[in-house]
Amino acid sequence: PSMYIKNKELPSNSNEMAQFQEVMRQQLESSMHAELEKLLGTAKGAKAEVSKKDFEGFRKLFHRFLQVKGPSVEWSKINRPPEDSIQPYDKIKAKGLPDNIADSLNKLVVVKLNGGLGTSMGCKGPKSLISVRNENTFLDLTVKQIEHLNKTYNADVPLVLMNSFNTDEDTKKILQKYTHHRVKIHTFNQSRYPRINKESLLPVAKDMAMTGENADVWYPPGHGDIYASFFNSGLLEQLIAEGKEYIFVSNIDNLGATVDLYILNHLVSQPNGKRCEFIMEVTDKTRADVKGGTLIQYDGKLRLLEIAQVPKAHVDEFKSVSKFKIFNTNNLWISLSAIKRLQEQNAMDMEIIVNPKTLDGDLNVIQLETAVGAAIKCFDNALGINVPRSRFLPVKTTSDLLLVMSNLYSLEAGSLTMSERREFPTTPHVKLGSSFTKVQEYLTRFESIPDMLELDHLTVSGDVTFGKHVSLKGTVIIIANHGDRIDIPAGSMLENKIVSGNLRILDH
């Protein structure tokens, strides 16, 4: 890395250059090692042991980061996955369910990725504690779904939450309210890694503290960290000892990620020699999903290709819906014994995502991350299943929140399903402007959530409020100019309408 070399003559031939780069790498690694040891020296008590394990993982990641040369894929080696490596969901479902599906459920653990904060939606604390429907939070809905499964099939499916240092304390406080529910709940923590200075490639942290000037020098290293932190926590071993065989992993904000009995049955009914160790649920791309990771065949293995790995010249090709037809929903079914084997063999290999950030005081840092789905290439007999779009219902913005709070969906036993009264199964396209970004502000702008059963497209921009019992149909575009305000009157029905300018309804 030449930008870290000051006032030195660069070697002229390629052999010398390679040696020179190797020396530089070793110097950077030993500097990093010394800094990490210094930091560990400031850790206290039981936390010191946890931090030591975290730093071992970080060291491996940093070592790999220094080895990487250029893009992690050669575009010419990318092939479409073989026909049988991505199965249509209908084919899996057609096999039906055996009478003893409860036995299969007893081999399952549900894992929710719960490391994220609600900051992008203007909320403090864990995202999973935001109310999404009838006062139910993401976490409430998850617990209700699993409790319903356990009661219906007289099964014992536990819930495991992967928290981060950002969400652990608040989540644990809330968990007390579920003690009388029929769900065993376990938690473990993601690693805590140091953000590194983009120039020096050394940690920004001065000690192990997490507050004050050290508040933003740590980060949870992406959900690819699940394998190591789950393994290190001892929980993975404990669950295997209890007879559990598979985990179903998903993002806690994906309300479509419910336990699917047909996929579970497919997993457990494979013959022993052909046991499938990893299933990735994928779904058809629409124009809204052009950035989603896709499955490819590469070096004879099924592999996840993310937009960050694509050489710039090929980004448009990657986004095309015709060449890469499906994307990863991040609903994954993974064998526990396979995770254990790969961790013990140190054989878990995931591409590194370099995520640049700017901290206060304009300090440029990078954080090294990995993605859970990228490990698909390490597992035996991995499979993609092309599932219906309904299994991908993420709530990332208040626009998504409006959809799931509306009458488009009905709620039963913690699961959201598209209302039967909607005539076509596609989800409307909703774009709410910046006045709606924060959940609190968004809620004040709707006296009640509009009827959206016949909506195709909604765009709202500027200072707009909605009265009670508004009905939106077809394409509705509402744009309040700067300084103006639009109040949509109670009981209005807007069908294929553009509303602009200034419409203020005053009570007198």
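Hydrogens, waters and symmetry mates are skipped; everything else that's a heavy atom, side chains included, is used. If you read the sequence from its start, that first residue is 1, and numbering goes on from there.
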message = Listing request: all ring-ring contact (aromatic ring centres under 6.0 Å, His included) pairs with a residue in residues 104-135, at least two apart in sequence or in separate chains.
response = none

ask   = Do F230 and F188 have side chains that get closer than 4.5 Å, going by heavy atoms?
value = yes

task = Decide if atom CD of E441 counts as having more than 12 heavy atoms of other residues, nucleotides or ligands within a radius under 6.0 Å.
result = yes

Pairing residues for K285 by the side chain to side chain contact (heavy atoms under 4.5 Å, CB included) criterion, not counting sequence neighbours = D289, V321, F324, F327

task = State which residues pass side chain to side chain contact (heavy atoms under 4.5 Å, CB included) with K124; sequence neighbours excluded, sorted by chain then number.
result = none

remark   = Output for pair (L264 CG, I101 CD1), nearest 0.5 Å, gives 5.0 Å

ask   = With distance as the sole criterion, is a donor-acceptor pair present between the side chains of N330 and N254 under 3.5 Å?
value = no

ask   = Do I279 and C276 touch side chain to side chain, with heavy atoms closer than 4.5 Å?
value = yes

request  = For T294 and L305, indicate whether the former's side chain and the latter's backbone hold a donor-acceptor pair under 3.5 Å.
outcome  = no

inquiry  = Tell me every residue that passes salt bridge (Lys or Arg N to Asp or Glu O under 4.0 Å) with E344, counting only those two or more places apart in sequence or in another chain.
reply    = K340

query = Do D225 side-chain atoms and P221 backbone N/O form a donor-acceptor pair below 3.5 Å?
reply = no

task = Would you mind reporting whether M280 and N331 have side-chain heavy atoms less than 4.5 Å apart?
result = no

message = A side-chain contact here means heavy atoms from C-beta on lying under 4.5 Å apart; do S131 and N136 qualify?
response = no

message = Measuring only between side-chain heavy atoms, which start at C-beta, is S415 closer than 4.5 Å to K144?
response = no

inquiry  = Nearest 0.5 angstrom please: L175 CG to H186 NE2, how far?
reply    = 11.5 Å

message = Could you check whether any side-chain N or O of Y246 sits under 3.5 Å from a backbone N or O of V268, counting only pairs where one atom can act as donor and the other as acceptor?
response = no

note = Those residues at least two apart in sequence (or on a different chain) that pass salt bridge (Lys or Arg N to Asp or Glu O under 4.0 Å) with E56 are none

ask   = If we only count heavy atoms from C-beta on, is the V404 to L393 side-chain gap below 4.5 Å?
value = yes

key: Partners passing salt bridge (Lys or Arg N to Asp or Glu O under 4.0 Å) against K438 (at least two apart in sequence or in another chain)   = none

request  = Give a yes or no on whether the backbone of A413 and the side-chain of H148 come within a donor-acceptor separation of less than 3.5 Å.
outcome  = no

key: Aromatic contact, W333 with F248 (centres under 6.0 Å)   = yes

inquiry  = Under a 3.5 Å distance rule, please check whether T398 uses its side chain to pair with a backbone N or O of L401 as donor and acceptor.
reply    = no

task = Decide if the gap between the ring center of F436 and the ring center of F446 is smaller than 6.0 angstrom.
result = yes

message = Tell me if the NZ atom of K107 is crowded by more than 12 foreign heavy atoms within 6.0 Å.
response = yes

query = Under a 4.0 Å N-O cut-off, is there an ion pair linking E277 with R341?
reply = yes

message = Using every non-hydrogen atom in the two residues, find where I130 and C123 come nearest and quote the distance to one decimal.
response = CD1-SG, 3.8 Å

request  = Report the C-alpha separation of K377 and L302 in whole Å, then their side-chain angles, then the decisive distance to 0.1 Å, and conclude whether the side chain to side chain contact (heavy atoms under 4.5 Å, CB included) test is met.
outcome  = CA-CA 6 Å; K377 62 177 189 275; L302 209 51; over 6 Å; no

query = Is there a side chain to side chain contact (heavy atoms under 4.5 Å, CB included) between T187 and N189 once you walk through the steps?
reply = CA-CA 7 Å; T187 64; N189 255 342; over 6 Å; no

message = Keeping R275 on the side-chain end and N381 on the backbone end, is there a donor-acceptor pair under 3.5 Å?
response = no

key: Donor-acceptor under 3.5 Å (K319 side chain, I307 main chain)   = no

query = Around atom NZ of K47, are there more than 12 heavy atoms of other residues, nucleotides or ligands at under 6.0 Å?
reply = no

Selection residues 83-123 - residue pairs positive for ring-ring contact (aromatic ring centres under 6.0 Å, His included), sequence neighbours left out = none

ask   = Hey, are the side chains of E317 and W75 touching, using non-hydrogen atoms and a 4.5 Å cut-off?
value = yes

List the atom pairs, with distances to 0.1 Å, where a side-chain N or O of residues 156-164 and a protein N or O form a donor-acceptor pair under 3.5 Å, not counting sequence neighbours.
from, atom 1, to, atom 2, distance (Å)
D156, OD2, K184, NZ, 3.0
N163, OD1, N114, ND2, 2.8
N163, ND2, D168, OD1, 3.0
S164, OG, G115, O, 2.8
S164, OG, N166, N, 3.2

request  = Using atom types as modelled and distance alone, determine if a side-chain donor or acceptor of R389 lies under 3.5 Å from a backbone N or O of T426.
outcome  = no

key: Residue pair Q343 / Y227, side-chain heavy-atom distance below 4.5 Å   = yes

Point-to-point distance, once rounded to the nearest 0.5 Å, from CD1 of I247 to CD1 of I334 = 4.5 Å

message = For the backbone of P220 and the side chain of R192, can you confirm whether one donor and one acceptor N or O come within less than 3.5 Å of each other?
response = no

query = If you look at every heavy atom in G116 and T167, which pair is closest and at what distance?
reply = O-CG2, 3.5 Å

message = Run the side chain to side chain contact (heavy atoms under 4.5 Å, CB included) test against N355 and tell me which residues pass, sequence neighbours left out.
response = K357, Q367, E369

task = Can you run down the ring-ring contact (aromatic ring centres under 6.0 Å, His included) pairs that involve residues 260-291, sequence neighbours left out, and say none if there aren't any?
result = F278-F379

key: Derivation and outcome, salt bridge (Lys or Arg N to Asp or Glu O under 4.0 Å), residues D253 and K127   = CA-CA 8 Å; D253 64 7; K127 186 173 181 184; 2.8 Å; yes

ask   = Between D140 and K177, is there a side-chain N and carboxylate O pair less than 4.0 Å apart?
value = yes

query = Relative to the ring of F58, is the ring of F62 parallel (under 30°), tilted (30 to 60°) or perpendicular (over 60°)?
reply = parallel

task = Give the C-alpha distance, both sets of side-chain angles, the deciding distance and a yes or no for side chain to side chain contact (heavy atoms under 4.5 Å, CB included) between V110 and K112.
result = CA-CA 7 Å; V110 172; K112 293 286 181 184; 4.1 Å; yes

query = Regarding K91 and Q87, is there a side-chain donor-to-acceptor distance under 3.5 Å anywhere?
reply = yes

key: Partner set under side chain to side chain contact (heavy atoms under 4.5 Å, CB included) for K431, not counting sequence neighbours   = H429, T459

key: Atom pair CE/CG of M405 and L416 - distance to nearest 0.5 Å   = 11.5 Å

ask   = Which atom names give the shortest non-hydrogen contact between P81 and L295, and what distance separates them?
value = CG-O, 3.4 Å

request  = List in chain and number order the residues that pass salt bridge (Lys or Arg N to Asp or Glu O under 4.0 Å) with E454, two or more places apart in sequence or in another chain; answer none if no residue qualifies.
outcome  = K473

query = Should we count NZ of K325 as having more than 12 external heavy atoms under 6.0 Å?
reply = yes

query = Once you round to the nearest 0.5 Å, how far does CZ of R391 lie from CG of L255?
reply = 12.5 Å

message = Whether the side chain of N150 engages the backbone of R182 through a donor-acceptor N/O pair (distance < 3.5 Å, no angle test) should be reported.
response = yes

